[in-house]
Amino acid sequence: MRLSAYFLPTLKETPTEAKISSHRLMLRAGMIRQSSAGIYSWLPLGLKVLNKIGEIVREEQDAIGCHEMLMPTIQPADLWRDSGRYDDYGPEMLRIRDRHDRDMLYGPTNEEQITEIFAGSVKSYRDVPQMLYHIQWKFRDEVRPRFGVMRGREFLMKDAYSFDMDFDGARNSYNKMFVAYLKTYERLGLKAIPMAADPGPIGGDMSHEFMILADTGESEIACHKGFVDNDWLETAGDDLQTTVDTFTEKYAATDEKRDTDAEAALGDDLVTARAIEVGHIFYFGKKYSEKLGAIVTDSDGNNITVEMGSYGIGVSRLVGAIIEASHDEAGIIWPDSVAPFRVGLINLKVSDDECVTACDDLYARLTTAGIDTLYDDRDTRAGAKFADMDLIGLPWQLAIGPRGIKNGVIEVKNRKTGERQELSVDDAMNLLGV
RNA sequence: CGGGGAGUGGCGCAGUCUGGUAGCGCAUUCGCUUUGGGAGCGAAGGGUCGUAGGUUCGAAUCCUAUCUCCCCGACCA
């Protein structure tokens, strides 16, 4: 992409309303613009990242046999009256009335909707277990939206739902999701720690929040330091339950679940930090299947109310969370997997024909090699280009100027380490794995 | 929802206390000089000061109401 033709409105100065790094950087990097409190437009660069995260989430859901679908944002109130949540939900739910005076709502979540669909379509044990998900915009009318995209009112969320014949099946579905989540966060370049969460009225140990450590996190957490130091996912075996046990047997708790005795027992192995919740999975049994009649017949002809679980990942929140976990004074530092472009190519002197030719050639080579490149061919000063590249945080910066051309080299900078080296074009391509 | 703060060109701010008809930096446009880490000089364009009432000869400034946004807390992916 040629930057001269792109839409990337970066800001030199920080908008006054943004207080935390990720929010400031997203505004400055031209990723988002605020529409109203907690509601944002996603500009091209921001949308690219959002989509990349969504794609990784999607791949890991598909990999465990969870099927993508898409449910509406607007739902009928009657559906929620059936589950009893229409009155329970409170002012966080945005209630709407259509032209026929029917009560509608902008969905804050989709348990009712999915259960109704399942109940109407699945009648036999032969079609169970089933796992379905969608990635859709939700709305929760937060009293106080804040932290930019991390606590918005409108947010993009992946929510999945599992349906099983019995508790053992539900546990298996839960475990599959648990491990899929670990893999998802790892691919996003995040160290997410599963922490025991409030399981609600069902009880048991089947509810976990996935937290990533960041100074601006909303809650104060404590955990065994093994969660920070180790990567148990690599050492975990094939057995699902064993893998899940590896991650759940060690102490890890969000602020409301902390246990001073357990923490004292850990001694030097205790780590306390602030963290951001980026996912939540839980088993809730027959809570909705009972109310909405999700009943199937088993092999003996008995009617069985299915066991359900739901599994959320805050996709839009992750954009902010990743930045919180990965930035410096100059700007964002994207993990390779979600970077909007892999390479930023800087033409240091657009008035120099030789330099332009060299840049155009390299751009063509990169593009042909399938490397998504943002090519800064604008007629501005070098300093501004470097500053913008640092701000938007692409993993690699390649800078070409007359001085380097004379010596047959270009400058290659690694955004994360800050390391700069002068290489020939071929060596630079090798470094990028081409 | 309790407590606090703020709305003035696209962005960041001053001016408000003490009323006199709006200013600075950045950005934008043009010209010249520059050109390898957010350049310099000169010129230009752009604001009915959140909105609505009121006080006054005169309101960004004083009074009243209202809307919006931000921060701290309680609540949530």
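Remember, it's a predicted structure, so these values are computed and weren't measured experimentally. Naming convention: chains lettered A, B, ... in sequence-line order (proteins, then strands); numbering from 1 in each chain.
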Given RNA chain B, 5'-ward residue of the pair A:Glu209 and A:Pro145, judged by closest heavy atom: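 Result of the comparison: A:Pro145.
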5′-ward residue of the pair A:Ser316/A:Lys349 relative to RNA chain B: A:Lys349
Exam field: side chain A:Arg274 to backbone A:Leu213, donor-acceptor pair closer than 3.5 Å: no
Main-chain N/O of A:Ile333 paired with A:Ser326 side-chain donor or acceptor, under 3.5 Å: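 Here the side-chain-to-backbone pair exists.
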Positions of [range] (non-hydrogen atom under 4.0 Å from RNA chain B), listed by number:
range: residues 28-57 of chain A; answer: A:Arg28, A:Gln34, A:Ser36, A:Ala37
range: residues 410-424 of chain A; answer: A:Glu411, A:Lys413, A:Arg420
range: residues 6-19 of chain A; answer: A:Lys12, A:Glu13, A:Thr14, A:Pro15, A:Thr16, A:Glu17, A:Lys19

is_close_aromatic(A:His67, A:Tyr133), centroid dist under 6.0 Å: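 No, ring centres 6.0 Å or more apart.
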Aromatic ring proximity A:Tyr251/A:Phe227, centre distance under 6.0 Å: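 No; A:Phe227 has its ring centre 6.0 Å or more from that of A:Tyr251.
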Parallel, tilted or perpendicular: which one describes the rings of [X] and [Y], with boundaries at 30° and 60°?
X: A:Trp42; Y: A:Trp137; answer: tilted
X: A:Tyr363; Y: A:Tyr375; answer: tilted
X: A:Tyr174; Y: A:Phe178; answer: tilted

Phosphate OP1/OP2 of B:G36: any A:Arg381 side-chain N/O under 4.0 Å: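 Result: no.
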Phosphate-side-chain proximity, A:Arg151 and B:C76, N/O vs OP1/OP2 below 4.0 Å: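 So the side-chain polar atoms of A:Arg151 never come under 4.0 Å of the phosphate oxygens OP1 or OP2 of B:C76.
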Touch class at under 4.0 angstrom, heavy-atom based, for A:Asp159 against every strand present: nothing
Sugar-phosphate, base or nothing in reach of A:Gly401, heavy atoms under 4.0 Å: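 It contacts base atoms.
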Round to a whole Å and report the spacing from [atom1] of [X] to [atom2] of [N].
X: A:Asp379; N: B:G36; atom1: CG; atom2: P; value: 13 Å
X: A:Leu94; N: B:C76; atom1: CG; atom2: C1'; value: 16 Å
X: A:Asp141; N: B:C1; atom1: CG; atom2: P; value: 11 Å
X: A:Arg146; N: B:C72; atom1: CZ; atom2: C1'; value: 8 Å

Full working for side chain to side chain donor-acceptor pair (under 3.5 Å) between A:Gln421 and A:Asp427: CA-CA 11 Å; A:Gln421 43 187 328; A:Asp427 287 346; over 6 Å; no
Strand partner of B:U66, provided both Watson-Crick or wobble distances fall under 3.5 Å: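 B:U66 is paired with B:G50.
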With A:Asp82 via salt bridge (charged side-chain N to carboxylate O under 4.0 Å, His left out) - residues at least two apart: none
Sequence-distant partners of A:Arg97, salt bridge (charged side-chain N to carboxylate O under 4.0 Å, His left out), two or more places apart: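 Checked A:Arg97 against salt bridge (charged side-chain N to carboxylate O under 4.0 Å, His left out); matches are A:Asp103.
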Whole-angstrom distance between B:U18 and B:U64, as gauged at atom P: 15 Å
Pair listing, ring pair (Phe, Tyr, Trp, His ring centres under 6.0 Å) test, anchored in residues 3-37 of chain A, at least two apart: A:Tyr6-A:Phe341, A:His23-A:Tyr40
Non-hydrogen atoms of A:Val412 and A:Ala428 that approach each other most closely: CG2-CB, 3.8 Å
